2 protein chains.
Amino acid sequence: MVTRKRFDDSDCPVARSVDAIGDWWSLLIVRDAFDGSRRFGEFQRSLGVAKNILSARLRALVAGGVLESVPASDGSAYREYVLTPKGKALFPVIVALRQWGEQHFYAPGEPHSRLVDSRKEQPLRMLEVRSADGRPLDPDDTTVHKVTTP
Amino acid sequence: MVTRKRFDDSDCPVARSVDAIGDWWSLLIVRDAFDGSRRFGEFQRSLGVAKNILSARLRALVAGGVLESVPASDGSAYREYVLTPKGKALFPVIVALRQWGEQHFYAPGEPHSRLVDSRKEQPLRMLEVRSADGRPLDPDDTTVHKVTTP
DNA sequence: CGGCATCCGATCGGATACTG
DNA sequence: CAGTATCCGATCGGATGCCG
C-alpha cells in the first residue's frame with residue numbers, strides 16, 4: 001500500500017512540527033483560535049470549510065494536544081475548543097506567517113483583517129527580533145537561529 | 001466542478017501566506033534551501049520525495065517568487081535553486097516551526113539535526129523576542145503582534 | 001446548533017520508466 | 001545528474017442529508 005509519507009519520525013524539528021499540524025486547515029483553525037473563536041460554528045463560518053472537514057480537523061488537533069475540548073462557557077450543551085499551552089506556543093508561527101503575508105501579498109495601504117484580537121480588541125504591539133548579543137540581524141543571514149520568548 | 005478552496009483572495013495575511021506556500025513539501029524545500037541545498041538531487045535525497053513531486057514543487061516555488069532558478073555555479077549544465085529575498089523572508093516561519101518542534105516533540109537531550117547551517121557551519125546564535133517597549137511577553141497573551149527584524 | 005455519515009469528483013503523491 | 005511522462009491507488013475535501 002502506498003501511504004502518504006509521514007515526518008513524525010524525522011530528525012528535523014521543522015518536519016515534526018509540520019507533521020503534527022497536519023494541514024493548512026489546521027493552521028487556520030489555530031489562527032482563528034488566537035483570534036477568539038471557540039465554537040464549532042465560529043470556525044465554520046470564519047473558514048467556510050465543510051463541516052465534516054472541520055470536525056475531523058478539530059478532532060485531530062484535540063488528539064494532538066493543540067486544542068482542548070471544554071464544556072461551553074455559556075452553559076449550553078455544546079463544546080468549546082480552546083488552545084492548550086502547546087497550541088498557544090504556535091503563536092510565533094502564526095505571527096511569522098502573518099508578517100510574510102503582509103509584506104508580500106498586500107499593496108501598500110491595502111486593508112486586511114485580523115490585526116487585533118477580535119475579542120479583546122487590543123491595539124497592535126510592536127515586537128522586535130534581535131540577537132541576544134545586541135547585534136542587529138543581517139537580512140541575508142541564513143544561519144539557523146534559536147528564538148526564545150523570555 | 002468542485003475545486004479546492006484557495007486563500008489567495010482572503011483578507012487574512014496568514015491565509016494568503018498559506019496559499020502561496022502551497023503545501024508542506026514546499027516548506028520543507030525552503031527549509032533545505034536555508035540549510036544549504038541548491039541542487040535538485042540535494043533536495044531529493046534530503047527529502048526522500050518523488051522526483052516528479054519535487055519537480056512540480058520547485059516549479060511552483062520559482063513561479064511564486066520564493067526560489068530562483070540560476071545556472072549551476074560549478075559550470076555544469078544544470079540549474080540551481082536559490083532563495084529570493086521573498087524566500088529568505090520566510091526565515092522566521094521556519095525558525096518558529098523549528099522552535100515549536102524542539103519544544104514539544106523531543107525528549108530532553110534527544111539529538112536532532114539541522115541546528116546549524118550545513119554550509120557555513122556557524123554556531124547557534126540566540127535570539128530573543130521582546131516587545132518594543134521592553135516589557136516581557138505574557139505567554140498567555142493571545143494578542144496579535146507585529147514582528148519586525150530591524 | 002453541533003456534529004456524524006456517506007458519496008464522489010478532484011487532487012496528491014509514490015513508483016517506475018524514459019530522455020538527454 | 002536532472003529532470004519529464006505516465007500510471008494509479010490513496011487521500012482530500014466539498015456537498016448533502018440526517019440526527020439529537
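The chains referred to below are lettered A, B, ... by the order of the sequence lines, with proteins before strands, and numbering in each begins at 1. All values derive from a computational prediction rather than experimental measurement.
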Of the options C:dG3, D:dG14, D:dG13, whose atoms approach the side-chain atoms of A:Arg57 most closely? D:dG13

Which of C:dG14, C:dG3, D:dG3 is nearest the side chain of A:Arg79? It is C:dG3

Has A:Arg59 got a side-chain N or O lying under 4.0 Å from the OP1 or OP2 atom of C:dG3? no

Is a side-chain N or O of B:Ser37 found less than 3.5 angstrom from the main chain of B:Phe43, in a donor-acceptor match? no

Looking at A:Asp23 and A:Arg57, does any basic side-chain N land under 4.0 Å from a carboxylate oxygen? yes

Between B:Trp25 (CH2) and C:dC12 (P), how many Å, whole number? 14 Å

Round to the nearest Å and state the distance from A:Leu58 atom CG to C:dG2 atom C1'. 11 Å

What's the CD-P distance between A:Glu80 and C:dG3, to the nearest Å? 10 Å

OP1, OP2 of D:dA2 versus side-chain N and O of B:Arg39: anything below 4.0 Å? yes

Measure the distance from CD on B:Gln44 to P on C:dT16 and round it to the nearest whole Å. 13 Å

Looking for any heavy atom pair under 4.0 Å, which part of the strands does B:Phe43 touch: base, sugar-phosphate only, or nothing? nothing

Between D:dG3, D:dG14, D:dC1, which nucleotide gets closest to the side-chain atoms of B:Arg45? D:dC1

Tell me whether A:Arg39 is salt-bridged to A:Asp32, with the criterion being a basic N under 4.0 Å from an acidic carboxylate O. no

What is the distance from CG of A:Asp23 to P of C:dC12, rounded to the nearest Å? 13 Å

Spacing between B:Tyr81 atom OH and D:dC1 atom P, to the nearest angstrom: 15 Å

Distance check: side-chain N/O of B:Ser55 vs OP1/OP2 of D:dT4, anything under 4.0 Å? yes

Measure from the side chain of A:Phe40, starting at C-beta and using heavy atoms only, and say which of C:dG14, C:dG3, D:dG13 lies closest. C:dG3

Among A:Arg45, A:Arg79, A:Lys51, which residue meets the side chain to side chain contact (heavy atoms under 4.5 Å, CB included) test with A:Phe40? A:Lys51

Nearest-nucleotide pick for A:Tyr78, side chain only, options being C:dG14, D:dC1, C:dG2: C:dG2

With the side chain counted from C-beta on, respond yes when A:Cys12 and B:Arg31 share a heavy-atom pair under 4.5 Å apart, and no when they do not. yes

Expressed as a whole number of angstroms, how long is the span from B:Ile53:CD1 to D:dA10:C1'? 12 Å

In whole angstroms, how far is the C1' atom of C:dT11 from the CH2 atom of A:Trp24? 17 Å

Pick the nucleotide of DNA chain D nearest each of B:Asn52 and A:Lys51; which residue has the one closer to the 5' end? B:Asn52

